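Structure first, commentary second.
Order of appearance sets the numbers: ligands from 1, and atoms from 1 within every ligand. Everything quoted here is computed from the prediction, not taken from an experiment.
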Amino acid sequence: MSPTPRPHFLVLTFPLQGHIAPALRLARRLLAAAPDALVTFSTAAAAHRRMFAEGEGGDGDGRLELLPFSDGTENGFVKRGDAAELGAYMASFHASGRRSVGEMVDALAARGRPVSSVVYTLLLPWAADVARDRGVPSALYWIQPVAVLAIYCHYFHGLGGVVDEHRRDHSFVLEFPGLPPMAAGDLPSFLTEATDPSDYFHSIFTTFRDLFDALDRETPKATVLVNVFQELEADTLAAVGAYDVLPIGPVLPSGDDAALFKQNDAKYMEWLDTKPAGSVVYVAFGSLTVMAKGQVDELLHGLEESGRPYLCVVRKDNKAAVAETGDATAAAAARRNGVVVEWCDQVRVLSHAAVGCFVTHCGWNSVLESIASGVPMVGVPRMSDQQMNARLVERDWRVGVRAEVDGGDGVLRAAELRRRVEEVMGDGEAAEVRRSAAAWKRAVAEALGKGGSSDRNLTAFVEGARSVI
Ligand code: UDP
């Protein structure tokens, strides 16, 4: 008698920190949800090398394997400032990625570890085809809110014309079925700016277009796992009935979280230990946002003047933003109240009792991690889904406020930062925001707990994958 086949998930992701983190976390959740399951986690080779030590193949028992695929480049995407560079990289990523992942699936089958389900993040529209060509089911892993999924879906299914017509009028109010009216300025920037063939991000727009085309090819319906929990966007889920949507989030780290960035100083946790509960302002703008010139000075001024202790992340690649002071860490050391680091373990920081507010660019991982920790936010959105995320934070969930940046240079001024931090950390209405944040933290614990909505949905997905082997 042949042994019972084991479910084997191939989890594929675009090589960006904000995609890799939720993908790797999902890989570990799948292993935990089904003790007999195997997972192969795969991203492009350069990111793989940056994250994992040479020879590191996965966990000790062989259930998790880490395998790179080729994006056709030696060093991954390298920004040089040429308008066509991103388009050229994406073309290479798609052509080589499709070929390389196909070869990987075949090679895994040949060595007796056949893939039974492919799970892929946003920017790999060909992953579903690679799977279908081999008779393997696939699921898109949507790592943004359901509201954003619904907007993209409507855009590519009939409402693109009206958006195109009004995309430059940021206050124009648009109505999408199943969603509250929203301003054009709140839509994903890839639908309002990148539709122009001359835009730097145009290849991201066309990749989203190809992704939604790929979902349309799935019969009877595409499966979409979303990094959200059902209760957070209960009303919006009805707007994406075109797909089988399974909210399974927030998918949080269990154990070590691999990152593309290195920490230069881990003493910040001890520093946090010395601060009273709810007193520290944590500031970080994710892995990609490049701050405007002079932004770091403005931030540090605002934080100093707030009189509250602060932990501020300034990535090494934000050199222009530190123009006036040279080295941000040195600049902060000269001040009294804060710590500046190049990278930190954000989930640990947000879970620390001392942290009372998160000044964030509203990347979806950051928003989810903050909600899961019950930390109220000050949103400083820039691009992609961040405007929409900030709107949801402020208006729908009331777990934060949105800050205004200067129209001219996009800088968040010190006075505005101070004012918004008070709105979530001070007295009066701020208490309401903190209550709401605490309530959503409890809702996360319930959704992830045994028998909670996300726990049930993930189990249903795993069992569904098992039934088709
Ligand atoms: N992050 C971190 N340390 C930092 C800054 C960010 O660990 O100092 C992590 C953060 O926890 C999140 C990811 O980087 O998981 C950023 O993803 P997000 O979607 O918020 O933004 P993106 O980087 O994609 O713009």
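- With a 4.0 Å heavy-atom cut-off, ligand 1 is reached by the backbone of Asn365 and by its side chain too.
- Short contacts between ligand 1 and Trp364, defined as distances under 4.0 Å to a heavy atom of the residue, involve ligand atoms 19 (O).
- If you check the side chains of Glu369 and Gln346, you find a donor sitting under 3.5 Å from an acceptor.
- Annotation: cation-pi geometry not satisfied between Arg98 and Phe93 (NZ/CZ under 6.0 angstrom from ring centroid, within 45° of ring axis).
- Between Thr289 and ligand 1, no pair of N/O atoms sits closer than 3.5 Å.
- Looking from atom 24 (O) of ligand 1 to the surrounding protein, the closest heavy atom is Gly18 CA, 3.6 Å.
- A donor-acceptor contact closer than 3.5 angstrom links the side chains of Asp71 and Thr73.
- The shortest N or O to N or O distance between Gln386 and ligand 1 is not under 3.5 Å.
- When each atom of ligand 1 is checked for a heavy atom of Arg25 under 4.0 Å away, the hits are 15 (O).
- Residues Asp273 and Trp271 have side chains not in contact (no heavy-atom distance under 4.5 Å, counting atoms from C-beta outward).
- When each atom of ligand 1 is checked for a heavy atom of Gly286 under 4.0 Å away, the hits are 23 (O).
- Counting heavy atoms under 4.0 Å from ligand 1, residue Glu369 touches it through the side chain alone.
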**Message:** Test side chain to side chain donor-acceptor pair (under 3.5 Å) on Ser42 and His48; report intermediate values, then the result.
**Reply:** CA-CA 8 Å; Ser42 185; His48 176 96; over 6 Å; no
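- Cys344 counts as a contact of ligand 1, since one of its heavy atoms falls under 4.0 Å from the ligand.
- Shortest contact from atom 23 (O) of ligand 1 to any protein heavy atom: Ser287 OG, 2.4 Å.
- Remark: ligand 1 and His361 share an N or O pair separated by less than 3.5 Å (distance only, no angle test).
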**Request:** Under the side-chain contact (heavy atoms from CB on, under 4.5 Å) rule, what do Phe9 and Leu38 come out as? Steps first, then yes or no, please.
**Result:** CA-CA 6 Å; Phe9 300 92; Leu38 306 171; over 6 Å; no
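- Short contacts between ligand 1 and Gln17, defined as distances under 4.0 Å to a heavy atom of the residue, involve ligand atoms 14 (O).
- Looking only at heavy atoms of the protein, atom 20 (O) of ligand 1 is closest to Ser366 OG, 2.6 Å.
- Residue Arg348 qualifies as open at atom CZ: its count of foreign heavy atoms under 6.0 Å is 12 or below.
- In this structure, Lys79 forms a cation-pi arrangement with Tyr200, its terminal cationic atom sitting closer than 6.0 Å to the ring centre and no more than 45° off the ring axis.
- Gln387 and Arg402 share a side-chain donor-acceptor pair at under 3.5 Å.
- Distances from atom 4 (C) of ligand 1 to the heavy atoms of Phe261, Phe285, Trp343 put Trp343 nearest.
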